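It should be emphasised that the depicted structure is a prediction, and the values quoted were computed from it without experimental measurement. Below, read A as the first sequence line, B as the second, and so on, with proteins coming before strands; counting in each chain starts at 1.
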There are 2 protein chains.
Amino acid sequence: MLDERDREVLCAIVQSYINNPDPVGSRFITRKYAFSLSPASIRNIMSDLEELGFLRQPHTSAGRVPTDKGYRFYVDSLCSHEHQYDNRAFFYEITRELESIKNDIDILLSETTKRLSNFSHYLGVALSPKAGSATFNRIKLLKHRRNHVVTVLFTDEGMVRNKVVDVDFDLTQRDLNRIASYLNSEFYGCNLNEIRTKIVREMSEEKILCDTLISRAIRICREVLSSPSGNIFISGFTEVLGLPDFSDVEKIKEISRAMEDKHLIIKLLDKFSESAKDEVQVIIGSENSLAGMKGFSIVAATYKEGSMPVGSVGVIGPTRMDYSKTIAMVDIVSKFITKVIEGK
Amino acid sequence: MLDERDREVLCAIVQSYINNPDPVGSRFITRKYAFSLSPASIRNIMSDLEELGFLRQPHTSAGRVPTDKGYRFYVDSLCSHEHQYDNRAFFYEITRELESIKNDIDILLSETTKRLSNFSHYLGVALSPKAGSATFNRIKLLKHRRNHVVTVLFTDEGMVRNKVVDVDFDLTQRDLNRIASYLNSEFYGCNLNEIRTKIVREMSEEKILCDTLISRAIRICREVLSSPSGNIFISGFTEVLGLPDFSDVEKIKEISRAMEDKHLIIKLLDKFSESAKDEVQVIIGSENSLAGMKGFSIVAATYKEGSMPVGSVGVIGPTRMDYSKTIAMVDIVSKFITKVIEGK
DNA sequence: TATTAGCACTCTCCTGTTGAGAGTGCTAAT
DNA sequence: ATTAGCACTCTCAACAGGAGAGTGCTAATA
């Protein structure tokens, strides 16, 4: 479909536009990229590329601009995925500054997104491990004031989570210990999601258990498991405001709305976690299924725990994004987080 | 200094400008506010008010606009602080929807700021209780994997906080229990800040204790207390983008930078907590000591725990802010949070 | 003496025009 | 197949003119 020359021109246009958001014209291409072709020939090629949907013109007598399809082709077939030199500073910074934060995954992720946005100039995003996919190790119940129980849940993965649970009955610490050991023997090694569904089923079926210790145990456990979605971290709004892509107030509102709708972004990143692909993934502009996110691209990857993806980290920016560099950065970051978590 | 008539005119100008961000002219005043004076007389008054620093003109032949000093006078002497009717819906919403979130103060505050920004159209902010001012009740240490200890700290105020602490020595659960009971007997009833300073002192003085149980206890405790500052919650960026005050990209960058600098806002709100005044406090534009926050106003109040202010909640917006309404809202919110916390 | 009508003046903002500049597509020559 | 040449289109910046809003000042008025 595209011969070598066409590809070269497309590549030059995309790179030039990424570098500087002006529609790129034929003359500019010949001069800047030293093709052994005249502007007129370039124009013919550009015209073909436009026909094929890789480029478009903002208006007659403007240069060309890549379409989402153009970016896609560039990412898949044209851009080099080596960018190690540029990103070396980034790599050193995160390893040097963040390796020590290994006990609090939330802080680690939040700091990571900050660094990511600083270096990429786009939004850094990360999704903390979903509790649901973790494995129940043990639970500890501590009496707090009357009617309050502090629960501390340990997972096999080393996550610790606490929550204060209201109970409508008074329990001694001894009762709590018995409840805890019941839960521990019942659920040891189970996946938290499974436990939740199991509990819901049992609660609807066996109303008989009412007011026994087990029923209380179940009720407490349900409370503990009731907040399933992981935290999301987004950094770098000020950073993106500096980009020429956001010199327009409408564009700013758009990305701000997208950011506010955290649920949508969570959903999106969740998809990444599910598709257990190993590489960095890229969603470009309108490929996105979310209405509010068309116009932006997402570059993301998962980080793993015991070879299972448990969360994701990435970058959101304009479609006019330095994909090559960003992909390399996200790759670095996802591997780094995996390493920190596993090495814990 | 200002007679009754001058005040009325100033009040009209401020209110008109708050209502609609156009410089207000003499003719407009006479018509809208039905003064029994001609535009020419109003002009004379306005000229006086400008001389006194309450008003300024963006340019000759524009109307007048309040200065920070003008807003200050308005807030202190002119505006009515009754706004109950307008805010009734707001009051109902927060009491109905948020009262149930009493076990997790962070979620309560974050939801509160969301509601606050929705109703005010400005940024809602809140500072969670500073751990330092709380009172040690007891600590529980649980063995996590090798070299990791899960600490659960209870305060008299009912706060629970957990943290995973790395230790460079292996301890049995039994050791941990002994350490915990040492800490419990040593620090029961102490203020957390005191404990921290005490620990720092002891660690520098008595190196002798090295490698004993007590030294280990102290080390763990220090870790637990090492993150002193409270969380900050800010909501409503999309909300403020809708205001005419932020139709300019520069203004947007300004407020975005201010938001990113969370430390500064924390500092600012901390001051509110310290000055133990009971009322809602207002900082207008350049009264602010923070460079990045000039140009914005802050309306904030503290919420209390046992009649001690422990955190603050408020609103950040343009100096052209509906002070009357906002002050009433912040008042409602701060009292609401106090009630929820105390009633816990 | 305080108030006001009248008027000249200033400044912004909108609109329309114009010319430069950049880039294109097409055609004919190489 | 490539390219030079040219007419055409579109944007953008600069400029001018006119409407509109508001002011300050002065002289007349109650």
Side-chain angles (χ1 to χ4, degrees), chain A residues 1-10 12-14 16-17 19-67 70 244-245 247-249, chain B residues 1-10 12-14 16-17 19-67 70 244-245 247-249:
Chain A
M1 188 154 97
L2 293 187
D3 64 20
E4 188 56 28
R5 215 180 49 181
D6 297 341
R7 295 157 146 264
E8 267 173 34
V9 171
L10 179 54
I13 292 172
V14 173
S16 162
Y17 190 68
N19 207 261
N20 171 345
D22 293 333
V24 8
S26 53
R27 218 179 120 72
F28 183 80
I29 289 284
T30 55
R31 262 190 304 176
K32 180 94 177 191
Y33 292 85
F35 278 87
S36 55
L37 284 174
S38 73
S41 307
I42 299 287
R43 279 205 285 282
N44 286 329
I45 299 174
M46 284 164 109
S47 185
D48 294 346
L49 289 170
E50 183 168 3
E51 195 113 0
L52 290 168
F54 294 115
L55 299 178
R56 64 184 183 81
Q57 278 183 294
H59 56 85
T60 355
S61 104
R64 256 79 171 198
V65 160
T67 60
D245 310 71
S247 52
D248 175 33
V249 180
Chain B
M1 188 156 94
L2 294 187
D3 64 20
E4 186 58 26
R5 215 180 49 179
D6 297 340
R7 294 156 147 265
E8 268 173 35
V9 171
L10 179 54
I13 292 173
V14 174
S16 162
Y17 190 69
N19 206 259
N20 172 344
D22 293 332
V24 7
S26 54
R27 217 180 121 70
F28 182 81
I29 289 282
T30 53
R31 262 188 305 174
K32 180 92 177 193
Y33 292 84
F35 278 88
S36 55
L37 284 174
S38 73
S41 307
I42 299 289
R43 279 205 284 281
N44 287 330
I45 299 174
M46 284 164 110
S47 186
D48 294 347
L49 289 171
E50 183 168 0
E51 195 113 1
L52 291 167
F54 294 115
L55 299 177
R56 65 185 183 81
Q57 278 183 293
H59 54 86
T60 356
S61 102
R64 257 80 170 196
V65 160
T67 60
D245 310 70
S247 53
D248 175 33
V249 181

Within this structure, what is the OH-to-C1' distance between A:Tyr17 and C:dG23, rounded to whole angstrom?
16 Å
Judged by each residue's nearest nucleotide on DNA chain C, which is more toward the 5′ side, B:His59 or B:Leu37?
B:Leu37
Report the base-pairing partner of C:dA29 (Watson-Crick or G-U wobble, both distances below 3.5 angstrom), or none.
D:dT2
I'd like to know if B:Arg27 reaches the base of D:dG22 with its side chain, counting only an N/O donor and acceptor under 3.5 Å.
no
B:Leu49 CG - D:dG24 P separation (whole Å):
12 Å
Give a yes/no on whether any side-chain N or O of A:Arg43 is located under 4.0 angstrom from OP1 or OP2 of D:dT3.
no
Quick one: look up who D:dG18 pairs with, Watson-Crick or G-U, both distances under 3.5 Å, and put none if it's unpaired.
C:dC13
Can you identify which nucleotide, out of D:dT23, D:dG24, C:dT4, has its nearest atom closest to the B:Ala40 side chain?
C:dT4
Among residues two or more places apart or on two chains, list those pairs meeting salt bridge (charged side-chain N to carboxylate O under 4.0 Å, His left out) that have a residue in residues 34-53 of chain B.
B:Glu50-B:Arg64
A:Thr60 side chain N/O closer than 4.0 Å to the phosphate oxygens (OP1, OP2) of D:dC8?
no
Nearest heavy atoms of B:Phe35 and B:Val9, plus distance in Å:
CZ-N, 4.1 Å
Can you measure B:Asn44 atom CG to C:dT3 atom P for me and round it to whole angstrom units?
9 Å
Grab the NZ-P distance between B:Lys32 and D:dG22 for me, whole Å please.
13 Å
For B:Arg56 and D:dT23, what is the distance between atoms CZ and P respectively, to the nearest whole Å?
15 Å
N or O in side chain of B:Ser61 less than 4.0 angstrom from D:dT23 OP1/OP2
no
A:Ile42 CD1 to C:dG23 P, in whole Å, measures 13 Å
Take atom CZ in B:Arg7; do more than 12 heavy atoms of anything else shown fall under 6.0 Å from it?
yes
Closer than 3.5 angstrom, by distance alone: can the side chain of B:Thr67 be matched with the main-chain N or O of B:Gly53 as a donor-acceptor pair?
yes
Nearest whole Å is fine: how far is D:dG22 P from B:Gln57 CD?
11 Å
Look through every strand shown and name the nucleotide pairing with C:dA20 as Watson-Crick or G-U wobble, where both distances are under 3.5 Å.
D:dT11
All heavy atoms of A:Pro58 vs all of A:Gly63, minimum pair found to be CD-O, 3.4 Å
d(CD1, B:Ile29; P, D:dA21) in whole Å:
16 Å
Is the phosphate of D:dG22 approached by B:Arg64 (side-chain N or O, under 4.0 Å from OP1 or OP2)?
no
Looking at every strand, decide which applies to A:Ser41 at a 4.0 Å heavy-atom threshold: base, sugar-phosphate, or nothing.
base
